[in-house]
Amino acid sequence: MKQAALVTGGAVRLGRAMTLALAKYGFDIALHYHSSQNDAKEVADIIKSYGQKCLLFHADLKCVHLDKFMEQVYAAFPYLNLLVNSASEYKKASLIETDYDIFDSQFALNLRVPFFLSKEFAKRCKDGNIVNIIDKMTKFNSYHYMSYLLTKTALEKLTQSAALELAPYIRVNGISPGFILPPVAGDTENILKRIEEIPLKRQGSVKNITQTLLHIIKNDFITGQVFFVDGGDSVNCTGKSLEMFHSPYINK
């Protein structure tokens, strides 16, 4: 049976890796991109070399009618059965530093877009999967990224709630990556420091994310779950400041 996936932000970084992994697995690809035209064309050529169909869909999803966007995708791929909400905006700004533009822009792309694309997918597709790319930061109160954190926390709740509403025909799950790809401007010193904080003491790879994505697709008894692929980072709350109270020498 033919399968097709819509991947938003599928031309670069994690989106690119997931797009190529899905194509290798046998999906035709509706590849959305905004500003990465050259990257998108390159990915499309690779997918076609795998023997899969790939069409490019250029859009600033924050500014388009998402019902019409999905209508175009579905017209090209009437056998669409997977939506990967990968496109995201990441800006560092605390509560005090956040202005209306930062707040509105991040909520538009990180929450409103996956919300309404999921709605439009469910209206057209009678069965299939929705996978939301979240962030392990939802386990922390990272106020330096206030509006970003709020969008991803809400996306996590959307994943769980939509899984209930859209069952039993559409499964909805999430992936929360940890330290997989550093920021574009990341320096070596900070990268090494960051790795030292991870329980598994290493940086993840895009393969760890693509393996999780394919696991979700293959296992048809999974829905409403958020998979933290982060080397244990999200559970690394050991309360080091309390260690002194548990020392075997404390009363000696």
Side-chain angles (χ1 to χ4, degrees), residues 1-61 64 66-88 113-114 117-118 120-134 159 166 169-177 180-181 204-223 225 227 229:
M1 182 179 72
K2 295 183 70 175
Q3 300 183 95
L6 166 60
V7 184
T8 66
V12 296
R13 294 174 67 81
L14 283 182
R16 176 190 178 109
M18 291 187 293
T19 298
L20 292 176
L22 290 170
K24 279 187 177 181
Y25 186 67
F27 279 88
D28 289 340
I29 301 294
L31 174 57
H32 158 264
Y33 72 96
H34 177 204
S35 57
S36 305
Q37 183 178 29
N38 291 336
D39 293 296
K41 290 180 178 179
E42 179 182 313
V43 173
D45 288 340
I46 296 172
I47 291 171
K48 291 171 185 176
S49 75
Y50 296 160
Q52 301 302 131
K53 178 181 177 180
C54 180
L55 295 179
L56 301 181
F57 293 85
H58 172 247
D60 180 353
L61 294 177
V64 301
L66 294 172
D67 56 342
K68 294 181 180 178
F69 175 80
M70 183 61 80
E71 191 175 286
Q72 293 174 343
V73 173
Y74 192 72
F77 297 95
Y79 48 97
L80 183 72
N81 63 343
L82 173 62
L83 166 63
V84 181
N85 286 307
S86 176
S88 184
V113 168
L117 283 183
S118 296
E120 297 303 327
F121 177 88
K123 283 169 58 177
R124 292 166 175 80
C125 304
K126 302 307 179 185
D127 56 51
N129 284 280
I130 298 172
V131 179
N132 296 318
I133 307 305
I134 309 176
T159 299
L166 301 181
Y169 303 110
I170 294 176
R171 297 189 291 115
V172 187
N173 292 284
I175 300 174
S176 286
I180 304 295
L181 294 173
S205 71
V206 293
K207 185 177 180 180
N208 298 132
I209 302 300
T210 59
Q211 287 173 332
T212 305
L213 175 61
L214 294 178
H215 173 67
I216 290 171
I217 294 167
K218 293 176 185 179
N219 192 327
D220 63 5
F221 203 53
I222 294 175
T223 196
Q225 304 304 306
F227 293 85
V229 187

* Structure fact -> Minimal heavy-atom distance between A11 and D39, with the atoms involved, is O-CB, 3.6 Å
* side chain to side chain contact (heavy atoms under 4.5 Å, CB included) with T159: which residues, sequence neighbours excluded? -> N132, I134, V172, V226
Can you give me every donor-acceptor pair (side chain of residues 66-74, partner residue at least two apart or in another chain, under 3.5 Å) with its distance?
unit_1, atom_1, unit_2, atom_2, d
Y74, OH, P78, O, 3.4
Y74, OH, R124, O, 3.3

* **N/O donor-acceptor pair under 3.5 Å between S36 side chain and Y33 backbone** => no
* Could you tell me which non-hydrogen atom of L181 sits nearest to which non-hydrogen atom of L14, and how far apart they are? => CD1-N, 3.7 Å
* **Backbone N/O of Q225 and side chain of N173: donor-acceptor pair under 3.5 Å** => yes
Which pairs would a plain distance check flag for residues 1-9, meaning a side-chain donor or acceptor within less than 3.5 Å of a matching protein atom at least two apart in sequence or in another chain?
unit_1, atom_1, unit_2, atom_2, d
Q3, OE1, N81, ND2, 3.4
T8, OG1, S86, N, 2.9
T8, OG1, A87, N, 2.9

* To do: Go through the structure and list residues passing side-chain hydrogen bond (donor to acceptor under 3.5 Å, both in side chains) with S205, not counting sequence neighbours.
  => N208
* **For K123, salt bridge (charged side-chain N to carboxylate O under 4.0 Å, His left out) partners two or more places apart** => E120
Mind listing the side-chain donor-acceptor pairs of residues 17-29 below 3.5 Å, one per line with the distance, residues two or more places apart or on another chain?
unit_1, atom_1, unit_2, atom_2, d
T19, OG1, G10, O, 3.2
T19, OG1, G15, O, 2.8
D28, OD1, Q52, NE2, 3.0
D28, OD1, K53, N, 2.9
D28, OD2, Y79, OH, 2.6

* Polar side-chain atom of R171 near backbone of I217 as donor-acceptor pair, under 3.5 Å -> yes
* H58 side chain to H34 backbone, donor-acceptor under 3.5 Å -> yes
